[in-house]
Amino acid sequence: MKKMILLGAAAIMMAFSASAQMSLVKDLAKKAASGNPQALMEVLQNIEPAFTNPESAQDVLTWYTAGKAAFGLYDELYKMKIMQQPVDDNMMNEILSNAYAFYMEALPLDSVVEVDKKTGMPKLNSDGTKKVKTKYSKDIIGALTSHMGDIAGAGNTYLQNNDWEHAADAFGNYANLATSDFAIKNGVAAADSVISQVRFFEGYSLYQIQKFAEAYDAFTQARKLGYTENNIVDFQTSSLANMVQGMLDKNDYDKAYAFIDNALKADPMNGTLHDIKGFTTELKDGVDAALPFYRKAAEVDPTYANAFFDVGRCLYLQAQKIIDDNPNATNKELVPKIKPIYDEAIPFLKKASELNPADTKAKNVLDDILYKFEVMGVN
């Protein structure tokens with residue numbers, strides 16, 4: 001019996017705690033509607049416990065109240081800034097970011113089942129599902145869409161200050177907002193050319209903090225929308241290369257191949273991707289298996305110096321293996337075996353040097369081939 005009483009007491013305490021949190025939220029909701037800056041600040045300072053309470057965290061009023069207070073406070077600070085009064089820009093942008101997050105939490109929770117006043121039963125749609133109406137969504141969507149430009153501006157500020165993490169968040173938030181169904185419905189969706197640029201800077205910011213998977217996704221979205229500036233292809237493939245390297249460090253070749261192949265489906269003419277696949281294959285299965293992928297890289301991108309070097313390097317290594325495997329062979333015996341391989345490697349190495357004269361790797365390999373020809377008496 002005592003055990004049951006204790007359990008009952010615990011349940012009562014939990015119910016009281018949940019009830020207390022919702023009571024607090026309702027009180028704070030009144031303050032959030034006041035528009036008074038001090039009251040709005042108090043809302044934000046006191047509502048946080050409701051975010052983690054199981055009941056209040058699932059109630060749209062909690063997040064709506066927080067978002068209303070945050071957007072209201074941001075607007076008040078913005079007015080002060082326009083009037084050239086001193087304000088903390090970093091605090092403003094942080095409040096704006098929180099306001100966005102609160103309202104995005106609120107939106108999916110804003111659904112109320114319609115009830116028949118006579119029967120007290122839920123109203124049903126023609127397909128038998130319950131009819132649902134929203135209470136706060138119109139206000140939420142209005143605030144989000146009207147602050148899209150502010151969110152983009154915050155991203156630019158963070159970018160200029162090299163605050164990469166906050167810049168990435170702001171640019172991502174803007175792009176998500178500006179392409180949302182409700183932005184399209186309300187006629188405020190941004191053009192693809194704008195979104196592509198924003199996605200690039202989101203990816204660029206993520207790249208700086210080495211969040212390569214997220215950066216790759218952002219660059220991919222930017223390119224799909226037609227963005228071609230700021231060496232985006234290099235950033236995209238470098239992001240992928242860093243991701244693949246992390247997989248290879250763990251010897252997870254299957255995952256690396258799956259990721260590369262998926263990227264190649266979307267971008268089959270990307271020489272760097274073929275080169276990365278060659279590198280992965282070389283680590284796993286050796287030079288001979290990798291060579292076809294390096295050749296493909298040079299084929300699809302005749303301007304990619306590294307692909308030409310890798311072809312030449314692999315051919316050079318094939319010839320070197322013949323030399324190493326036949327330590328007692330004379331030059332006369334070796335020349336017929338290795339000269340055709342060197343002859344094939346030379347044009348690739350020359351092309352690599354022409355495309356990237358500052359990189360001496362190809363020239364060094366080429367010089368070694370020519371030296372061997374001289375020693376062996378090859379004309």
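We find the CG-CD1 distance between Asn326 and Ile323 to be 9.5 Å, quoted to the nearest 0.5 Å. One finds the OG1 atom of Thr303 at 11.5 Å from the CG atom of Asn356 (value rounded to the nearest 0.5 Å). If you take CD1 on Ile47 and CD on Gln21, they are separated by 9.5 Å, rounding to the nearest 0.5 Å. Going from atom CD1 of Ile151 over to atom CG of Asn93 covers 10.5 Å, rounded to the nearest 0.5 Å. Atom OH of residue Tyr253 and atom CG of residue Asp285 lie 8.5 Å apart, to the nearest 0.5 angstrom.
Judged by distance alone, the side chain of Ser196 and the main-chain N or O of Ala222 form no donor-acceptor pair under 3.5 Å. Asn125 places no side-chain N or O within 3.5 Å of a backbone atom of Asp127 that could act as its donor or acceptor partner. Not a single donor-acceptor pair under 3.5 Å links the side chain of Asn262 to the backbone N or O of Ala258. Side-chain atoms of Asn53 come within 3.5 Å of backbone atoms of Ser56 as a donor-acceptor pair (strictly under, hydrogens ignored). In this structure, Asn186 contributes its side chain and Val188 its backbone to no donor-acceptor pair below 3.5 Å. A donor-acceptor pair under 3.5 Å is formed between the side chain of Asn270 and the backbone N or O of Leu273. Put simply, the side chain of Asp267 never gets that close to the backbone of Ala263: no donor and acceptor are under 3.5 Å apart. The backbone N or O of Ala57 lies less than 3.5 Å from a partner atom in the side chain of Trp63, making a donor-acceptor pair.
Looking at heavy atoms from C-beta onward, Tyr100 lies in side-chain contact with Asn176 at the 4.5 angstrom threshold. The shortest distance between side-chain heavy atoms of Tyr78 and Met92 falls below 4.5 Å. A 4.5 Å side-chain heavy-atom check between Thr129 and Leu124 finds every atom pair outside the cut-off. A heavy-atom distance below 4.5 Å is not found between the side chains of Val60 and Lys135. The shortest side-chain heavy-atom distance between Val335 and Phe373 does not fall under the 4.5 Å cut-off. Contact check for Thr272 versus Ile276: side-chain heavy atoms found under the 4.5 Å cut-off. Contact check for Thr330 versus Glu333: side-chain heavy atoms found under the 4.5 Å cut-off. Between Leu40 and Lys31 the shortest side-chain heavy-atom distance does not fall below 4.5 Å.
Transitive grouping of hydrophobic side chains (ILVMFWY, heavy atoms separated by less than 4.5 Å) brings Tyr74 and Met80 into a common cluster. Side-chain heavy atoms closer than 4.5 Å link hydrophobic residues (I, L, V, M, F, W, Y) into clusters, and following such links, even through other members, never connects Ile184 to Leu107. The hydrophobic cluster containing Val300 does not contain Ile232, counting ILVMFWY residues as joined when their side-chain heavy atoms lie under 4.5 angstrom apart, directly or transitively. Taken together through direct or relayed side-chain contacts under 4.5 Å among Ile, Leu, Val, Met, Phe, Trp and Tyr, Phe71 and Leu73 form part of one hydrophobic cluster. When hydrophobic clusters are built by joining Ile, Leu, Val, Met, Phe, Trp and Tyr residues whose side-chain heavy atoms come closer than 4.5 Å, directly or via intermediates, Leu315 is not grouped with Tyr304.
The side-chain hydrogen bond (donor to acceptor under 3.5 Å, both in side chains) search around Asn331 returns none, not counting sequence neighbours. Shown here are the ring-ring contact (aromatic ring centres under 6.0 Å, His included) partners of Tyr64, two or more places apart in sequence or in another chain: Tyr103, Tyr136. The side-chain hydrogen bond (donor to acceptor under 3.5 Å, both in side chains) check on Thr220 picks up Gln236, with sequence neighbours excluded. Among residues two or more places apart in sequence or in another chain, the side-chain hydrogen bond (donor to acceptor under 3.5 Å, both in side chains) test is passed with Glu94 by none. Residues satisfying the side chain to side chain contact (heavy atoms under 4.5 Å, CB included) criterion with Asp368, sequence neighbours excluded, are Tyr316, Lys372.
Applying the salt bridge (Lys or Arg N to Asp or Glu O under 4.0 Å) rule to pairs touching residues 175-192 yields nothing, sequence neighbours excluded. Annotation: salt bridge (Lys or Arg N to Asp or Glu O under 4.0 Å) contacts involving residues 67-86, sequence neighbours excluded, comprise Lys68-Asp139, Glu76-Lys79, Lys81-Asp89. The list of salt bridge (Lys or Arg N to Asp or Glu O under 4.0 Å) pairs with a residue in residues 245-265, not counting sequence neighbours, reads Asp261-Lys277. Residue pairs satisfying the ring pair (Phe, Tyr, Trp, His ring centres under 6.0 Å) criterion with at least one member in residues 257-280, sequence neighbours excluded, are listed as follows: Tyr216-Phe259. The stretch residues 143-164 participates, sequence neighbours left out, in no salt bridge (Lys or Arg N to Asp or Glu O under 4.0 Å) pair at all.
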**OP:** Please report the C-alpha distance between Met22 and Thr62 in whole Å, then the side-chain angles of each, then the deciding distance to 0.1 Å, and finally whether the side chain to side chain contact (heavy atoms under 4.5 Å, CB included) criterion is met.
**Re:** CA-CA 8 Å; Met22 285 312 304; Thr62 299; 4.3 Å; yes

Original post:
Would Ile338 and Gln320 count as a side chain to side chain contact (heavy atoms under 4.5 Å, CB included) if you check the C-alpha gap in whole Å, the side-chain angles of each, and the deciding distance to 0.1 Å?
Top reply: CA-CA 8 Å; Ile338 63 174; Gln320 187 62 45; over 6 Å; no

Original post:
Given the rule in the side chain to side chain donor-acceptor pair (under 3.5 Å) test, do Tyr294 and Glu282 qualify, once you have shown the distances and angles that lead to the verdict?
Top reply: CA-CA 10 Å; Tyr294 291 139; Glu282 185 174 353; 2.7 Å; yes

**OP:** Tell me, with the steps shown, if Leu144 and Met104 meet side chain to side chain contact (heavy atoms under 4.5 Å, CB included).
**Re:** CA-CA 9 Å; Leu144 287 170; Met104 293 305 287; 3.8 Å; yes

**OP:** Decide side chain to side chain contact (heavy atoms under 4.5 Å, CB included) for Ile341 and Ile322; before the verdict, give the C-alpha distance in whole Å, the side-chain angles of both, and the deciding distance to 0.1 Å.
**Re:** CA-CA 10 Å; Ile341 301 174; Ile322 292 173; 3.7 Å; yes

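Taking the six-membered ring for Trp, Phe219 and Phe212 have ring centres at least 6.0 Å apart.
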Compile the donor-acceptor pairs under 3.5 Å between side chains in residues 344-355 and protein atoms, sequence neighbours left out, one pair per line.
residue: Glu344; atom: OE2; partner: Arg295; partner atom: NH1; Å: 2.9
residue: Glu344; atom: OE2; partner: Arg295; partner atom: NH2; Å: 2.7
residue: Ser353; atom: OG; partner: Leu349; partner atom: O; Å: 3.3

Side-chain donor-acceptor pairs of residues 202-210 under 3.5 Å, sequence neighbours excluded:
residue: Glu202; atom: OE1; partner: Arg199; partner atom: NH1; Å: 2.8
residue: Ser205; atom: OG; partner: Phe201; partner atom: O; Å: 2.8
residue: Tyr207; atom: OH; partner: Ser238; partner atom: OG; Å: 2.7

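For Gln85, the CD atom is densely surrounded, since the number of other residues' heavy atoms within 6.0 Å is greater than 12.
Side-chain atoms of Glu165 and Tyr158 include no donor-acceptor pair closer than 3.5 Å. Of the N and O atoms on the side chains of Ser34 and Asn36, not one donor lies less than 3.5 Å from an acceptor on the other residue. Side-chain contact annotation: Asp110 with Ser137, donor-acceptor N/O pair under 3.5 Å present.
Note on Lys339 versus Asp343: salt bridge recorded, some NZ/NE/NH1/NH2 to OD/OE distance being below 4.0 Å. Using a 4.0 Å cut-off between charged nitrogen and carboxylate oxygen, Asp324 and Lys321 do not count as a salt-bridge pair. Between Lys296 and Asp275 there is no salt bridge, since no side-chain N of the basic residue sits under 4.0 Å from a carboxylate O of the acidic one.
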